[in-house]
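What follows is a short report on a single structure.
All values reported here derive from a predicted model rather than from experimental measurement. Throughout, a chain's letter reflects where its sequence line sits, starting with A, and its residues are numbered from 1.
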Number of protein chains: 2
Amino acid sequence: MSSEKMDRRKKYTRMVLKESLMKILKVKPISSITVKEICEVADINRSTYYSHFQDQYDLLKQIEDEFIEDMNITLHSYDNNKDEEALQMIEQILLYVSKNRDMCETLFSDHGDISFKNRIMTVAYNHSVKNWVSESNIHKDVSKYGSLFAISGCISVIESWLSNGMDKPPKEMANIIFNLTKNGIDSFSE
Amino acid sequence: MSSEKMDRRKKYTRMVLKESLMKILKVKPISSITVKEICEVADINRSTYYSHFQDQYDLLKQIEDEFIEDMNITLHSYDNNKDEEALQMIEQILLYVSKNRDMCETLFSDHGDISFKNRIMTVAYNHSVKNWVSESNIHKDVSKYGSLFAISGCISVIESWLSNGMDKPPKEMANIIFNLTKNGIDSFSE
DNA sequence: GACACCGTGTTGGATATTCAACAAACAGTT
DNA sequence: AACTGTTTGTTGAATATCCAACACGGTGTC
């Protein structure tokens, strides 16, 4: 797929607007942020903003979209059908999160978009737990609840890990998450 | 004096081109630097460069000009007619240099413009030694040599101070420079 | 309700920059 | 001397952004 070359000015404008919003989101929620303020921080004209984005919510959505796309691409090379590979995938997810700690903390926070977690859950589900759960001998009518349970648990643990300054290395965290999830699924096994 | 508001794009373009050249000057002399390279580092189109500057030497000269203008403005509030105030002025110069250490090191280096030191000498002369020497009872036919001697000595000491990572505080260095200069001038006194 | 202030969404003309291309000059190699 | 690769200086059309202005709506105060 050919990636068309974006004009430098456009690239720069979008970059600084995104950085600006991420910066402001650290100190106030999206509902209190104005387009005027975003532009002041970015040092970009307001009419230019409107030629790129509809409002502050549109900008936030595009930041999330890019983050999720980037995350998908990064994790795409890790497919897993076995327990050991599932563990590695969780570790990869944690490594990705740690590399993008700043972004993750801000997007996950109450200042951002509540539905973002749901989208992240979907990504994590598609990259790890989905295959894993289908590989397990689990009741079909319980399978999706098991997945949701596992993913929700993972997200919460990851958030807490971030808040604690990533006090444990990704590998160890992956083991913890893996064992918590595995035992939960195994207890449903026929 | 009203400072006319510069278009943001222009301001940005000049800023990143200056930063780009300063960055490259750290690793190679001005004579080996191409306009093409400056533009690549700055991520600015080459034709835009030529709409702002004639060549790489022109850009360097404008960086120096701005530096000297800024230095002049900063030191302008310090006028000195007495020894104690002369000492304070030297300290102010050293404080200014320490605040702009990175810029000073690069512009003073062999990678830059040899004549830059002469220009800095002129600034220092106008802000301190000029009044100071004229206040001293020094032979008129020796006065200008005394000034040149003092200023050249100061510049060399400042360069060495920068190279040593500013190992002594500005106040102490000012005292050293002051006493070296004073004794030199006093030895010419009638 | 009137008023002042702030932010929004939009507009049109001007400005600055991008992009691709070109001819020429320069430097290094054979 | 010929060749190759790189950089220079310039050009013109297209694009993106800036700037100032405007009408409108929302908020808070009196």
Original post:
Looking across every strand, which nucleic acid part, if any, lies under 4.0 Å from A:Asp7 by heavy atom: base, sugar-phosphate, or nothing?
Top reply: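 If one applies the 4.0 Å heavy-atom cut-off, A:Asp7 turns out to touch the sugar-phosphate alone, with no base involved.
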**OP:** Classify the nucleic acid contact of A:Thr34 as base, sugar-phosphate or nothing, counting any heavy atom under 4.0 Å across all strands shown.
**Re:**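 Touches sugar-phosphate only.
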May I have the distance from [X] (atom [atom1]) to [N] (atom [atom2]), rounded to whole angstrom?
X: A:Tyr50; N: D:dC19; atom1: OH; atom2: C1'; value: 16 Å
X: A:Tyr49; N: D:dC19; atom1: OH; atom2: P; value: 19 Å
X: B:Lys5; N: C:dA14; atom1: NZ; atom2: C1'; value: 15 Å
X: A:Tyr57; N: C:dG9; atom1: OH; atom2: P; value: 11 Å
X: A:Asn45; N: C:dT10; atom1: CG; atom2: P; value: 15 Å
X: B:Met6; N: C:dA16; atom1: CE; atom2: P; value: 10 Å
X: B:Lys10; N: C:dT18; atom1: NZ; atom2: P; value: 14 Å
X: A:Arg8; N: D:dA16; atom1: CZ; atom2: P; value: 14 Å

Original post:
Do A:Arg9 side-chain and C:dT18 base share a donor-acceptor contact under 3.5 Å?
Top reply: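 Absent.
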Original post:
Within the modelled atom types, does a donor on one side and an acceptor on the other bring the side chain of B:Arg46 and the base of D:dT7 under 3.5 Å apart?
Top reply: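 No pair found.
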Subject >> Side-chain N,O (B:His52) to OP1/OP2 (C:dA16) below 4.0 Å >> reply: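 The answer is no; no side-chain N or O of B:His52 sits under 4.0 Å from OP1 or OP2.
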Original post:
With respect to the phosphate group of D:dA16, does any side-chain polar atom (N or O) of A:Thr48 fall under 4.0 Å of OP1 or OP2?
Top reply: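 Answer no for this pair, as no side-chain N or O of A:Thr48 is under 4.0 Å from OP1 or OP2.
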**OP:** From the options D:dT11, C:dA21, D:dT7, select the nucleotide whose nearest atom is closest to the side chain of B:Ser47.
**Re:**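 Looking only at side-chain atoms, B:Ser47 lies closest to D:dT11.
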**OP:** Check every atom of C:dT17, D:dT17, D:dT8 against the side chain of B:Ser51 and return the nucleotide holding the closest atom.
**Re:**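 Within the option list, the nearest is C:dT17.
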Original post:
Are there more than 12 heavy atoms of other residues, nucleotides or ligands under 6.0 Å from atom CD of B:Glu40?
Top reply: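 Counting other residues, nucleotides and ligands, CD of B:Glu40 exceeds 12 neighbours.
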Original post:
Is there a donor-acceptor contact under 3.5 Å linking the side chains of B:Tyr12 and A:Asp43?
Top reply: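 Distance-only check fails for B:Tyr12 and A:Asp43.
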Original post:
Which angle, rounded to 10°, do you find between the first-five-pair axis and the last-five-pair axis of the helix from C:dG1-D:dC30 to C:dT30-D:dA1?
Top reply: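 Rounded to the nearest 10 degrees, the bend comes out at 40°.
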Original post:
Of B:Gln56 and A:Arg14, whose closest DNA chain D nucleotide lies nearer the 5' terminus?
Top reply: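 It is B:Gln56, whose closest nucleotide lies nearer the 5' terminus.
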Subject >> Residue pairs fulfilling salt bridge (charged side-chain N to carboxylate O under 4.0 Å, His left out) with at least one residue in residues 158-170 of chain B, sequence neighbours excluded >> reply: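 Qualifying pairs: B:Lys117-B:Glu159.
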Original post:
Are the charged groups of A:Glu37 and A:Lys28 less than 4.0 angstrom apart, N to O?
Top reply: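 Counted as a salt bridge, because a side-chain N and a carboxylate O are separated by less than 4.0 Å.
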Subject >> A:Arg119 vs A:Glu64 side-chain heavy atoms within contact, under 4.5 Å >> reply: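 In contact.
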Original post:
Pick one: which of A:Gln62, A:Arg14, A:Lys10 meets side-chain hydrogen bond (donor to acceptor under 3.5 Å, both in side chains) with A:His52?
Top reply: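 Checked A:Gln62, A:Arg14, A:Lys10 against A:His52; only one passes side-chain hydrogen bond (donor to acceptor under 3.5 Å, both in side chains): A:Arg14.
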**OP:** Over all heavy atoms of both residues, which pair between B:Thr34 and B:Gln56 is shortest? Give the atoms and the distance, please.
**Re:**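 Scanning both residues completely, I find the closest heavy atoms to be CA-NE2, 4.3 Å.
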